[in-house]
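One structure is given below, encoded as structure tokens.
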Number of protein chains: 2
Amino acid sequence: MDKKQRSPKKQFIIETAARLFRDKGYRATSMRDLADAVDLKASSLYSHIKSKEELLRDICFENAHRFVNSMEAIEQEYNEPLDQLKALVALHITIALQDPTSITSFNDEWQHLSEPFLSEFLSLRKDYEKRFQQIIDAGKAKGVIKNLPTNMIFYTLLSSLRWIYDWYKPERNQDTTDIVEHLQEIILGGIVK
Amino acid sequence: MDKKQRSPKKQFIIETAARLFRDKGYRATSMRDLADAVDLKASSLYSHIKSKEELLRDICFENAHRFVNSMEAIEQEYNEPLDQLKALVALHITIALQDPTSITSFNDEWQHLSEPFLSEFLSLRKDYEKRFQQIIDAGKAKGVIKNLPTNMIFYTLLSSLRWIYDWYKPERNQDTTDIVEHLQEIILGGIVK
DNA sequence: CCTACCGATCGGTAGG
DNA sequence: CCTACCGATCGGTAGG
């Protein structure tokens with residue numbers, strides 16, 4: 001599961017799979033498609049990986065752990081709910097800009113995980129969402145966030161952050177800090193008091 | 001294509017397909033799954049529909065036309081860009097609350113359309129997005145909307161509207177006008193001056 | 001609306 | 001890493 005323990009070839013296969021899963025969807029991506037994309041025969045993939053689903057698992061859990069770990073770091077680094085919220089927004093934006101492919105197939109294709117991995121994934125996600133909403137609640141209690149339904153604020157916020165890859169065109173060479181600032185103004189502007 | 005011209009049975013099949021496509025994805029939904037859900041044998045589906053893709057086409061284009069037609073009505077009814085924007089936000093929310101199933105598989109599964117339908121669909125969508133962005137530009141020119149990149153405002157706005165089905169639980173019996181008002185405050189709050 | 005069935009494609013294995 | 005091949009499942013048709 002650790003990125004560093006993987007062979008370069010396996011890492012290349014996983015990254016290519018993430019791109020195909022994003023572009024065509026997990027189910028519509030055949031192992032023959034993937035084999036072509038990495039210049040192998042389909043059967044040769046299996047000397048590097050165990051199964052098609054293993055690829056999806058690697059992508060989904062790597063990202064899930066990335067978010068959960070960052071959540072812990074942010075909770076420890078900041079005390080004010082508004083600072084934590086800003087850091088979380090910045091985190092989502094940064095990851096979306098750095099690794100748009102992996103994050104997209106993580107967002108959209110986790111539903112094809114089989115048990116028990118599906119439950120494990122959903123439990124990681126639920127934990128993350130719960131802590132995110134607790135920060136919003138803390139902000140509301142402190143009077144720095146508008147008194148609107150927490151789930152409404154949370155999902156609106158998270159949704160805005162999900163589709164950055166859809167409009168962000170890295171070739172325009174925008175400054176990343178500019179993007180983070182603008183998006184924070186748009187996204188947090190309707191939430192903070 | 002017209003809802004009223006379809007037999008009740010065909011309408012039922014389409015609505016069931018929309019639900020399955022949303023829950024499992026288009027590719028992961030087999031015609032045997034659909035047949036089971038409507039209590040038929042797989043082969044019997046074909047006396048009501050021409051193909052699996054026809055179902056997806058009906059769902060995608062029905063929703064696409066619904067948005068394009070509403071856009072025209074809003075452009076004619078309102079003159080001020082801010083009023084148009086508010087009406088568009090209300091439109092997306094209303095549709096999401098009324099018909100969450102159909103709208104979700106429209107949002108997520110259009111990529112599985114084959115040519116020439118894929119191009120036709122994308123051209124409808126592009127037209128809609130262009131007119132949406134022109135309204136934002138008009139608002140910026142009038143000074144009622146913040147001077148931030150139009151595509152950033154547009155996609156953030158649209159993204160927030162896409163996932164309402166994900167948190168909206170109709171059994172809680174919230175008042176719809178309340179939801180529209182709260183969401184407009186959250187979503188437009190970061191955009192209007 | 002059903003039974004019976006088709007060719008194509010799927011994920012994956014055997015054996016070298 | 002390849003050739004050869006597997007059983008399962010797919011969307012869809014024939015014929016009644």
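Letters A, B, ... mirror the listed sequences (proteins, then strands); counts begin at 1. These values consider heavy atoms only, across backbone and side chains, with no hydrogens, waters or symmetry-generated copies.
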query = Can you name the salt bridge (charged side-chain N to carboxylate O under 4.0 Å, His left out) partners of Asp83(B), sequence neighbours left out?
reply = none
key: Test item: Met71(B) and Glu75(B) side chains (from C-beta on) under 4.5 Å apart, heavy atoms   = yes
Side chains of Thr94(B) and Gln98(B), donor plus acceptor under 3.5 Å = no
ask   = When rounded to the nearest 0.5 angstrom, what distance separates CZ in Phe67(B) from CG in Leu124(B)?
value = 12.5 Å
message = Any donor-acceptor pair under 3.5 Å linking the side-chain atoms of Ser114(A) with those of Glu53(A)?
response = yes
message = Could you work out, with side-chain hydrogen bond (donor to acceptor under 3.5 Å, both in side chains) as the rule, every residue matching Ser51(B), not counting sequence neighbours?
response = none
ask   = Heavy-atom contacts under 4.0 Å between residues 28-35 of chain B and DNA chain D, which residues?
value = Thr29(B), Ser30(B), Met31(B), Arg32(B)
request  = Please list, by residue number, the residues of residues 17-27 of chain A whose heavy atoms come closer than 4.0 Å to an atom of DNA chain D; answer none if no residue qualifies.
outcome  = none
note = Footprint ends on DNA chain D, 5' to 3', for atoms under 4.0 angstrom from a heavy atom of chain A, come out as dC1(D) to dA4(D)
remark   = The correct list of stems in which DNA chain D takes part (3 or more consecutive Watson-Crick or G-U pairs, distances under 3.5 Å) is C:1-16 with D:1-16
request  = Apply the side chain to side chain donor-acceptor pair (under 3.5 Å) test between Thr150(B) and each candidate in Lys140(B), Gln134(B), Gln133(B); give the one that qualifies.
outcome  = Lys140(B)
inquiry  = Heavy-atom nearest nucleotide on DNA chain D for Lys41(A) versus Ser43(B): which residue maps closer to 5'?
reply    = Lys41(A)
message = Over all strands shown, is Lys50(B) touching base, sugar-phosphate only, or nothing at heavy-atom distances under 4.0 angstrom?
response = nothing
query = Of all residues at least two apart in sequence or in a different chain, which pass the salt bridge (charged side-chain N to carboxylate O under 4.0 Å, His left out) check with Glu54(A)?
reply = Lys10(A), Lys50(A)
message = Just to verify, what does Arg162(B) make a side-chain hydrogen bond (donor to acceptor under 3.5 Å, both in side chains) with, not counting sequence neighbours?
response = Asp108(B)
inquiry  = Categorize Leu45(B) for me: base, sugar-phosphate, or nothing, with a 4.0 angstrom heavy-atom threshold over every strand shown.
reply    = nothing
query = Who are the salt bridge (charged side-chain N to carboxylate O under 4.0 Å, His left out) partners of Lys24(B), not counting sequence neighbours?
reply = Asp33(B)
inquiry  = Does anything in residues 34-49 of chain A form a side-chain hydrogen bond (donor to acceptor under 3.5 Å, both in side chains)? List the pairs, not counting sequence neighbours.
reply    = none
Under the side-chain contact (heavy atoms from CB on, under 4.5 Å) test, residues paired with Lys146(A) that sit two or more places apart = Leu148(A), Lys193(A), Glu185(B)
ask   = Going by the salt bridge (Lys or Arg N to Asp or Glu O under 4.0 Å) test, which pairs reach into residues 87-97 of chain A, not counting sequence neighbours?
value = none
